[in-house]
Amino acid sequence: MRLLRRVLLLWTLGGAAWGLWAQPGEPARRPHPLEQLRRMAPEERERVLQNMPPERRQMLEERLERWERMAPRRKQHLDGRLSSFQQMKPEQQQALRRLARRFQETMPEGKRLEGRRALTMLQGLDPEARKRVLGSARMRERFSEQERELLREMAENMPD
Amino acid sequence: MKSTKGSACPVERGEEEILLRYCAGTLAAEGAAQLEGHVTSCSRCRMWVQEQQMVWRALESWELEPVTADFDAALLARIAREKEARPGWRGWWERAVGAWSGGLEWRVAVPAAALALLLAAGLAVTNPFRGEPVETAVRLEAREIEQAERALEDLEMLRQLEPPEEDKKL
């Protein structure tokens, strides 16, 4: 009986020490589902997407192919932007989605390219400089007041 | 870490078996002579050999007590007496325990079994060998596919808000 008691004591102490030593760390993080899809072989991807409604599947595949066709540096750049965007708060993400939709819907097609260039330039400025540029004669000439306001809001909400 | 490659010291090389053979006198003469030279200069090997020689000497000096002429007969008679005095259930129990523990004394077998059970329970609770989640590339749940779709949509949105590739010289 004494032997059994000793064994129990040893086991308890040993178990506690072992438990402290073998503290489970952070579980391995699975890559983002998009990353998993990108890494899949075509036949694996086919198997995973086979039950999707055809229209949604076509859209997804087209976007994946567009990304795959991009130059490696462009891919890297856009992935970095996406990663920054995903780290934003959900409400900020939602706000930017709404602004982007407004940009596509309200900015005339002929002005969109110029709008994209203006947006990139405005993003790199501090709020004061941004205000000055947006109020400049050149910008007023090119964009309406609503368009300039939209560009300001977007520049403020864009991820780094 | 200290390199042991090329070292002449059997202890450093983890080849104590040579020293053991040397102490037992089973090493070939040439090898023994070489080793002897090393042992005189290596304190670790010298200590190892001295300790081993002490064990050999102790074994050599150990003498068995002579047994009496009627030892076997007395032992068999005692076993027979104890068998007769033992209750019937105890014989059955000992046979059962003997079969179960493979001839081990129950005083050893029972704690050993208890220890095995406790270890099994302990490992079930704090299993250090628990593997990392296995990444299964082919399994993607519907929810995860939606996440991928949303990410692609966002990527497309970000792409459309940037000047074309040629502008950025990317």
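Computation of the quantities below employed the complete heavy-atom set of this structure, encompassing side-chain atoms and omitting hydrogens, waters and symmetry-equivalent molecules. So that the names make sense, note that chain A is the first sequence line, chain B the second, and so on, each numbered from 1.
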*asked:* Checking the side chain of A:E35 only, and the main-chain atoms of A:H32 only, is there a donor and an acceptor separated by less than 3.5 Å?
replied: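 Absent.
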
*Using modelled atom types only, decide if a donor and an acceptor are shared between the side chain of A:Q93 and the backbone of A:Q86 within a distance under 3.5 Å.*
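Side chain of A:Q93 to backbone of A:Q86: a pair is present.
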
*asked:* My understanding is that only one of A:R117, A:R116, A:R112, A:R74 makes a salt bridge (charged side-chain N to carboxylate O under 4.0 Å, His left out) with B:E162; could you say which?
replied: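 For B:E162, the salt bridge (charged side-chain N to carboxylate O under 4.0 Å, His left out) test succeeds with only one of A:R117, A:R116, A:R112, A:R74, which is A:R74.
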
_Taking side chain as everything from C-beta outward and backbone as N, CA, C, O, which of these in A:Q104 sits under 4.5 Å from a heavy atom of chain B? Side chain, backbone, both or neither._
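Side chain of A:Q104 only, per the 4.5 Å heavy-atom cut-off to chain B.
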
*What part of A:L60 is in contact with chain B, defined as an atom under 4.5 angstrom from a non-hydrogen atom: side chain, backbone, both or neither?*
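Looking at A:L60, backbone and side chain both touch chain B.
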
Salt bridge or not between [X] and [Y]? Use side-chain N to carboxylate O under 4.0 Å.
X      : Y      : answer
A:R57  : A:E46  : yes
B:R78  : B:E82  : yes
B:E156 : B:R159 : yes
B:R143 : B:E141 : yes

*According to the salt bridge (Lys or Arg N to Asp or Glu O under 4.0 Å) rule, which pairs have a member within residues 125-142 of chain A, sequence neighbours left out?*
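Counting only pairs at least two positions apart or across chains, the salt bridge (Lys or Arg N to Asp or Glu O under 4.0 Å) contacts touching residues 125-142 of chain A are A:E114-A:R142.
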
*Any side-chain heavy-atom pair from B:C23 and B:V55 closer than 4.5 angstrom?*
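No - every pair of side-chain heavy atoms lies 4.5 Å or more apart.
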
Nearest 0.5 angstrom please: [X] [atom1] to [Y] [atom2], how far?
X      : Y      : atom1 : atom2 : value
B:S43  : B:Q50  : OG    : CD    : 10.0 Å
A:L134 : A:L122 : CG    : CG    : 5.0 Å
A:R38  : A:R45  : CZ    : CZ    : 9.5 Å
A:F103 : B:M157 : CZ    : CE    : 12.0 Å

*asked:* So which residue, A:M52, A:R101, A:R56, ends up with the most heavy-atom pairs under 4.5 Å with chain B?
replied: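 Ranked by heavy-atom pairs under 4.5 Å with chain B, first place is A:R56.
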
*asked:* Please output the residues of residues 62-69 of chain A in contact with chain B, using a heavy-atom cutoff of under 4.5 Å, in numerical order.
replied: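 From residues 62-69 of chain A, the residues near chain B are A:R63, A:L64, A:R66, A:W67.
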
*So which bits of residues 145-159 of chain A come within less than 4.5 Å of chain B, counting non-hydrogen atoms only?*
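Within residues 145-159 of chain A, near chain B: A:M154, A:M158, A:P159.
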
*What is the minimum heavy-atom distance between A:L119 and B:L161, and which atoms define it?*
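Taking A:L119 first and B:L161 second, the nearest heavy atoms are CD2-O, 3.7 Å.
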
_Close approach to chain A in residues 147-155 of chain B, criterion heavy atom under 4.5 Å_ =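 Heavy-atom contacts from residues 147-155 of chain B to chain A are B:Q147, B:A148, B:E149, B:R150, B:A151, B:L152, B:E153, B:D154, B:L155.
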
